Amino acid sequence: MQIAVLEAGGVGSGVGRAVRFTRYGGPEVLQVVQVPRPEAQPGTVVVEVVSAAVNPGEIGIREGVFADRWPASFPEGQGNDFSGVVAEVGPGVGRLGVGQAVLGFAPRAAQAQFVRVPADRLAVKPAGLGWDEAAAVAGAGATAWAAVAVVDPRPGETVLVSAAAGGVGVVAAQLALLRGARVIGTAGEGNAGFLAGLGVVPVRYGPGLLERVRAAAPDGVDACVDTFGPPNAEVALALGVPAERINTTADGRAVQRHGVHHDAQEQADDPEIWRQLAQLVADGRLQVPITATYPLAAVQRAYHDLATRHVRGKRVLHIASPARRAELAP
Ligand SMILES: NC(=O)c1ccc[n+]([C@@H]2O[C@H](COP(=O)([O-])OP(=O)(O)OC[C@H]3O[C@@H](n4cnc5c(N)ncnc54)[C@H](OP(=O)(O)O)[C@@H]3O)[C@@H](O)[C@H]2O)c1
């Protein structure tokens with residue numbers, strides 16, 4: 001599933017490569033094409049993207065599942081959270097200069113060699129933070145931040161995190177640990193040891209989950225961050241967790257039926273939050289494991305792999321070429 005990539009636009013050229021799709025469908029509709037390079041306008045900068053994350057919500061958009069709420073406008077771009085370097089600064093932008101390493105969120109546009117972003121919608125990337133980890137901060141990282149904030153775990157409490165090795169779950173589990181909570185995290189067999197290494201109590205998902213969580217938390221569960229969907233929110237309710245201490249990013253029915261929270265990226269769409277998250281990762285207090293990286297030409301394969309829903313952390317697209325990445329120390 002490696003597709004032909006049209007000739008790369010150089011940093012100084014008027015074109016750049018970008019992911020586009022012109023109809024709804026499977027990963028095969030994704031193409032890498034040349035598009036005009038955006039120009040910086042007042043208050044904006046053009047970022048040369050180094051890495052861009054790959055997220056499950058993008059599958060629904062590309063397949064047309066969310067067309068009622070979030071229709072595509074063909075030819076549609078793809079990708080949201082990214083890391084990169086400022087390539088051009090528009091008039092009126094004071095705080096950022098060319099060459100500054102940044103991270104941010106550019107809706108349906110991030111999987112492109114160049115992206116134009118309002119300058120106040122970027123966070124400075126801490127030196128030493130890897131490009132791939134930085135690319136996940138404003139998407140999965142911010143989503144986890146919002147999900148944990150709304151259920152507000154306190155020291156000594158027990159929090160259930162579903163899909164605790166997933167992109168959102170692994171950050172949520174660690175943020176809850178940093179608040180002093182005990183965390184029970186659901187995962188497949190292959191991630192149990194990894195979660196235990198983080199300090200999370202691993203519990204296998206699947207039939208019998210309620211009993212396994214009850215056995216792991218004999219004193220009860222106080223809050224739940226669901227990042228997978230059914231049956232996790234209802235398992236938490238059955239364990240006695242009040243609806244106001246449950247958040248789901250993946251179970252609209254539980255939101256409607258039980259009034260659980262559904263805070264996600266939108267509730268932490270804030271460069272100050274991204275900065276704090278990025279600093280936690282740079283300081284080694286928060287891990288963002290990178291399961292796999294893909295060259296831009298392998299974007300179809302990245303989404304094919306993502307759809308398996310088995311991962312440890314994030315899958316990330318390398319937008320910049322290996323030669324360009326080598327020039328840009330993290
Ligand atoms: N609204 C928003 O702003 C927003 C933002 C980000 C995410 N989301 C949503 O949040 C959800 C999580 O996103 P994500 O990026 O964290 O997904 P992800 O990284 O693809 O999550 C994969 C994880 O799911 C686990 N899993 C697989 N089957 C499972 C099962 N039957 N029960 C429990 N866990 C299972 C896997 O565990 P193993 O690998 O251990 O098998 C894996 O760790 C998605 O639905 C996404 O659309 C919403």
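On a predicted model such as this, the values are computed, not experimentally measured, just so you know. Each residue takes its place number in the sequence, starting with 1. Both ligands and their constituent atoms are indexed starting at 1 by order of listing.
- Residues Tyr24 and Phe66 place their aromatic rings such that the two centres sit no closer than 6.0 Å.
- The aromatic rings of Phe105 and Trp274 sit tilted, their planes meeting at an angle between 30° and 60°.
- Summary of contacts: the protein heavy atom closest to atom 45 (O) of ligand 1 is Ala250 CB, 3.4 Å.
- With sequence neighbours left out, Asp152 forms a side-chain contact (heavy atoms from CB on, under 4.5 Å) with Arg154, Arg179.
- Close contacts between ligand 1 and Asn191 involve ligand atoms 38 (P), 39 (O), 40 (O) [criterion: under 4.0 Å to a heavy atom].
- When each atom of ligand 1 is checked for a heavy atom of Gly167 under 4.0 Å away, the hits are 16 (O), 19 (O).
- For atom 36 (C) of ligand 1, the closest heavy atom belonging to the protein is Arg309 O, 3.1 Å.
- Nearest-residue assignment for atom 12 (C) of ligand 1 (options Thr227, Leu195, Asp226, Leu209; heavy-atom criterion): Thr227.
- Close approach of ligand 1 to His310 is summarised as follows: ligand atoms under 4.0 Å from at least one heavy atom of the residue are 27 (C), 38 (P), 39 (O), 41 (O).
- When hydrogens are left out, the protein atom nearest atom 15 (O) of ligand 1 is Pro56 CD, 3.3 Å; that is the closest non-hydrogen contact.
- Interface of Gly166 with ligand 1, defined as ligand atoms under 4.0 Å from a residue heavy atom, comprises 16 (O), 19 (O), 21 (O), 23 (C), 43 (O).
- Annotation for ligand 1: atoms under 4.0 Å from non-hydrogen atoms of Ala163 are 23 (C), 24 (O), 25 (C), 34 (N).
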